[in-house]
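Residue numbers run from 1 in the order of the sequence given.
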Amino acid sequence: MSEGLSQLDLSQYDPSEIQRAAKIALYNQDLRLFCEKELKIVIKDVTGESDLQQFRPYRWQLDQIEAAEKQLARIGKIRQIVFKCRQPGESTMAAGIVSRLTYLTHNVHAFVVAQDKTTVGTIFGIYNNYYENLSDDIRPMQKYFTKGTRMVLGNPNMRARTDDPGLNSELIVGEAKNINVGTGFTVHALHLSELARYASVQSLKDSLIPAFSDGKNTIGIIESTAHWAAGAEMLKSMCERAMRGESEWEYHFVRWWRQPEFQISLEKGEIFKTTQEEKHLLKTVPLLTLENLKWRRRKLMDLDGDIYAFRISFPFTFEEAWIPGGHSAFPIDRLMELRGQIKPPKRRCEMTIDGKLYDDPDGRLLIWEEPEQGAEYHLGSDLGAGIDDEAHDATTAEIVKQGNRKQVAEWQGYIDARDFADVLFHLGMYYNVAQIAPETEKYGLGCVVRLQELCYPNIHIWQKRDQINVKYTNFLGWSTTNNSKILLVDLCRHLLWNRQLHIYSEALLEEMLNYVRDVTPGGFHTYNAGPGSTDDLIQAFMIALRISEDEAMWSQEGEMEFKQEKTEEKYRERDPAYYDVEGLRAIGVHTARSETKPW
């Protein structure tokens with residue numbers, strides 16, 4: 001102890017006030033101690049015990065407390081965004097962190113936003129319960145109280161306020177659609193509960209976020225499950241930026257299978273037979289147990305087997321929660337399997353005017369596999385307006401290798417159609433004069449015209465597919481209609497279901513996960529990007545798959561016809577019975593062309 005402190009005379013101070021000040025100082029240094037010693041919670045299940053019990057943090061809550069303390073020490077404030085399952089107790093945890101600042105510190109304005117009126121009352125009840133059950137020596141005076149929405153801390157005695165004003169802190173809990181009250185003062189602690197469920201986030205952006213202080217010791221906590229309301233896009237975007245390290249917000253994921261209430265014990269001697277899906281989950285999900293799977297089966301039964309409803313409430317990953325419900329264009333389980341294929345590209349490149357590739361960490365061209373001598377490649381392309389506006393309609397190209405349907409390269413960016421044709425020309429030449437199929441709707445026609453000017457030798461020729469013999473037309477490129485889009489999706493779904501796709505791009509997989517089937521007012525089925533997503537990469541990829549499959553089919557047909565002709569030449573004179581009764585084709589040899597030629 002320093003000489004100054006050892007000589008400090010504390011005899012004039014009330015010992016209880018000294019103890020109180022020391023206790024508050026200790027709690028301000030140790031969040032876990034404050035939570036475990038001061039917070040009381042209402043127990044969820046009905047027992048013979050009291051309605052209240054001491055807060056005992058789960059393991060994941062202890063991790064969050066530790067992360068908050070480290071962040072406070074590192075950057076001087078707390079910014080946490082928590083993506084959670086249903087009912088894990090995160091609102092309780094967030095309220096505890098905000099309560100420490102609000103109930104122990106002078107001049108703090110805390111604002112909590114809930115998705116609806118009922119939840120406003122519930123969350124205010126958590127904060128009020130914490131306040132009422134604080135130790136008597138540290139519970140601050142309450143100036144006034146508006147049931148269910150507002151608590152002002154201060155001396156209720158007007159005459160005594162001059163000598164002892166109290167904390168002069170305030171807590172407001174408001175409904176998401178009515179939060180303009182937050183503009184009247186600086187907000188030091190902001191708690192957004194169930195952001196994805198907000199019917200609107202405009203008032204949040206217009207009034208509350210600008211009022212939120214960026215100062216020292218301030219607290220921001222956003223906690224939410226997945227949901228498809230107006231707040232979903234804001235939550236999803238903030239989580240993704242936090243995961244990429246592009247903001248000061250720290251991302252946390254609450255894993256449902258780590259919660260003790262989300263498991264059912266196995267009976268003595270019970271043999272729990274796992275399905276193929278459950279075996280896969282046990283291998284790929286850390287710390288998942290048979291007890292968790294037993295609970296999962298029970299919950300799925302309660303949901304009438306609706307796996308999409310389960311995933312949005314109890315996801316295994318952040319991405320899984322945002323998969324659209326029963327309207328997904330592709331089998332979700334197969335898409336999730338593709339995650340194991342995702343890997344970074346071998347090269348990230350840009351291209352010079354004369355078509356030479358050079359490595360660039362921010363390049364728009366991603367290469368997973370360089371061209372092989374003698375291999376055939378097919379390039380599908382989807383063209384945007386060339387500007388990055390609110391629609392985020394990018395121009396894209398996907399290249400697949402014929403035979404194994406392997407994604408080998410991807411290009412995505414914002415570029416004029418004619419300039420992009422130059423990129424496609426050089427990219428096609430690089431991949432062994434790949435067949436190129438630009439989508440011709442909107443901006444694509446300009447790309448096709450430019451490719452013709454450049455005399456590119458392998459532009460896809462549009463085919464008529466609704467006749468006995470598939471016929472080549474006089475049109476170039478890929479024409480996207482409702483029927484041709486269904487044709488693309490059908491092939492992609494078939495290959496995916498039979499595990500015949502090889503994709504490596506995380507961006508492409510994300511688009512596939514959010515590609516949905518819809519029904520127009522006229523009753524037609526159509527496919528589009530889901531809310532907050534795009535479909536530029538998946539459209540280019542499906543075009544590349546389709547033209548690759550066509551080329552493979554005609555190559556196979558030509559080879560079979562060649563073999564048939566040789567066989568006929570060998571046996572024509574020797575064995576008349578070799579032909580069918582009409583003498584039209586050889587028995588046992590069937591091809592699409594041999595079937596349709598007599599017609």
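In this structure, the side chain of Glu439 does not engage the main chain of Ser381 through any donor-acceptor pair within 3.5 Å. Between the Asn458 side chain and the Val433 main chain, a donor and an acceptor come within less than 3.5 Å of each other. Put simply, the side chain of Thr440 never gets that close to the backbone of Leu445: no donor and acceptor are under 3.5 Å apart. Within the 3.5 Å criterion, the main-chain N or O of Ala540 finds no donor-acceptor partner in the side chain of Asp382. Using a distance-only test at 3.5 Å, with no hydrogens or angles considered, no donor-acceptor pair links the side chain of Ser237 to the main chain of Glu233. Checked by atom type and distance alone, the side chain of Arg493 pairs as donor or acceptor with a backbone atom of Ala329 at under 3.5 Å. The main-chain N or O of Ala394 is never found under 3.5 Å from a side-chain atom of Gln412 such that the two would form a donor-acceptor pair. A donor-acceptor pair is defined here as one N or O able to donate and one able to accept, closer than 3.5 Å; no such pair exists between the side chain of Asp304 and the backbone of Asp306. Between the Asp360 side chain and the Asp362 main chain, a donor and an acceptor come within less than 3.5 Å of each other. No side-chain donor-acceptor contact under 3.5 Å links Asp535 to the backbone of Ile538.
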Practice problem: Give the C-alpha distance, both sets of side-chain angles, the deciding distance and a yes or no for side-chain hydrogen bond (donor to acceptor under 3.5 Å, both in side chains) between Asn292 and Thr289. | Solution: CA-CA 5 Å; Asn292 295 137; Thr289 66; 2.9 Å; yes
Exercise. For salt bridge (Lys or Arg N to Asp or Glu O under 4.0 Å), just list the numbers for Glu453 and Arg450, CA-CA rounded to whole Å, side-chain angles, deciding distance to a tenth of an Å, and then say yes or no.
Key: CA-CA 5 Å; Glu453 293 172 359; Arg450 176 58 179 161; 3.4 Å; yes
Self-check item: Residue pair Glu337, Arg499: steps toward the salt bridge (Lys or Arg N to Asp or Glu O under 4.0 Å) verdict
Solution: CA-CA 9 Å; Glu337 290 178 11; Arg499 297 185 174 92; 2.9 Å; yes
Exercise. Evaluate salt bridge (Lys or Arg N to Asp or Glu O under 4.0 Å) for Asp359 paired with Arg348, printing each intermediate quantity in order.
Key: CA-CA 6 Å; Asp359 292 340; Arg348 192 170 192 127; over 6 Å; no
Exercise. Kindly indicate, with the supporting measurements, whether the criterion side-chain hydrogen bond (donor to acceptor under 3.5 Å, both in side chains) is fulfilled by Glu194 and Thr225.
Key: CA-CA 6 Å; Glu194 292 293 353; Thr225 53; 2.8 Å; yes
Quiz prompt | Residues Phe318, Tyr251; criterion side-chain contact (heavy atoms from CB on, under 4.5 Å); working and verdict | solution = CA-CA 11 Å; Phe318 173 80; Tyr251 172 78; 3.4 Å; yes
Exercise. Go through the steps to decide whether Trp497 and Phe330 satisfy the test ring-ring contact (aromatic ring centres under 6.0 Å, His included), and finish with yes or no.
Key: CA-CA 8 Å; Trp497 179 255; Phe330 304 112; over 10 Å; no
Quiz item: What's the verdict on side-chain hydrogen bond (donor to acceptor under 3.5 Å, both in side chains) for Thr480 and Gln539, showing C-alpha distance, side-chain angles and the deciding distance?
Solution: CA-CA 10 Å; Thr480 298; Gln539 183 70 9; 3.2 Å; yes
Practice problem: Assess whether side-chain hydrogen bond (donor to acceptor under 3.5 Å, both in side chains) is satisfied between Lys279 and Thr274, documenting all intermediate values. | Solution: CA-CA 6 Å; Lys279 285 183 174 68; Thr274 54; 3.2 Å; yes
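For the pair Arg364 and Glu410, the salt-bridge criterion is not met [side-chain N within less than 4.0 Å of a carboxylate O]. With respect to Arg546 and Asp550, a salt bridge is recorded, a charged nitrogen being found less than 4.0 Å from a carboxylate O. Classification of Lys346 and Glu370 as a salt-bridged pair fails, no side-chain N sitting under 4.0 Å from a carboxylate O. Salt bridge annotation for Glu90-Lys84: absent, with no cationic side-chain nitrogen under 4.0 angstrom from a carboxylate oxygen.
Within the structure, the salt bridge (charged side-chain N to carboxylate O under 4.0 Å, His left out) test picks out the following pairs touching residues 280-295 (sequence neighbours left out): Glu270-Lys294. Residue pairs meeting the salt bridge (charged side-chain N to carboxylate O under 4.0 Å, His left out) criterion with at least one member in residues 501-511, sequence neighbours excluded: Arg339-Glu510.
Side-chain N/O atoms of His252 and Gln64 include no donor and acceptor closer than 3.5 Å. Remark: the Gln402 side chain and the Ser548 side chain contain no N/O donor-acceptor pair separated by less than 3.5 Å. In the model, Thr481 has no side-chain atom that pairs as donor or acceptor with a side-chain atom of Asn483 under 3.5 Å. Looking at Thr119 and Asp116, their side chains do bring a donor and an acceptor atom within 3.5 Å of each other. Using a 3.5 Å distance cut-off with no hydrogens or angles, the side chains of Glu398 and Trp411 do not pair a donor with an acceptor.
In this pair, Trp295 and Phe262 present their aromatic rings tilted. The plane angle is within the 30 to 60° band. Taking the six-membered ring where tryptophan is involved, the planes of Tyr504 and Trp368 are tilted, since the angle between them lies from 30° to 60°.
Between Ser224 and Ala196, the closest heavy-atom pair is OG-N, 3.1 Å. Here the closest heavy-atom approach between residue Ala434 and residue His378 is recorded as CB-N, 4.3 Å. Pro438 and Leu383 get closest at one heavy-atom pair: CB-CD1, 4.2 Å. Residues Ser247 and Ala242 approach most closely at OG-CA, 3.9 Å, considering heavy atoms.
Cation-pi check for Lys485 over Tyr527 is not met; the charged atom does not lie both under 6.0 angstrom from the ring centroid and within 45 degrees of its normal. Figure legend: cation-pi geometry between Arg258 and Trp60 absent, as NZ or CZ is not positioned both under 6.0 Å from the six-membered ring centre and within 45° of its axis. Cation-pi check for Arg255 over Phe316 is not met; the charged atom does not lie both under 6.0 angstrom from the ring centroid and within 45 degrees of its normal.
Remark: of the listed residues Glu376, Glu551, Glu372, Glu372 is the sole one forming a salt bridge (Lys or Arg N to Asp or Glu O under 4.0 Å) with Lys401. Among the candidates Leu424, Asp416, Asp422, Thr395, the single residue satisfying the side chain to side chain contact (heavy atoms under 4.5 Å, CB included) test with Cys447 is Leu424. Checked against Tyr377 for a side chain to side chain contact (heavy atoms under 4.5 Å, CB included), the options Lys406, Gln435, Glu369 give a single hit: Glu369. Leu195 pairs in a side chain to side chain contact (heavy atoms under 4.5 Å, CB included) with only one of the listed residues (Leu204, Val113, Ile81), which is Leu204.
Centroid-to-centroid, the aromatic rings of Trp257 and Phe314 stay 6.0 Å apart or farther.
A 4.5 Å side-chain heavy-atom check between Leu357 and Arg347 finds at least one atom pair inside the cut-off. Between Thr275 and Glu278, some side-chain heavy-atom pair lies under the 4.5 Å cut-off.
Going from atom CZ of Phe83 over to atom OG1 of Thr317 covers 8.5 Å, rounded to the nearest 0.5 Å. The line from CD1 of Ile415 to OH of Tyr443 is 15.0 Å long, rounded to the nearest 0.5 Å.
Few gaps surround CZ on Phe272; more than 12 heavy atoms of other groups in view lie less than 6.0 Å from it. At most 12 non-hydrogen atoms from other residues, nucleotides or ligands lie less than 6.0 angstrom from CZ of Arg298.
The side chain to side chain contact (heavy atoms under 4.5 Å, CB included) test applied to Ser313 returns Arg86, not counting sequence neighbours.
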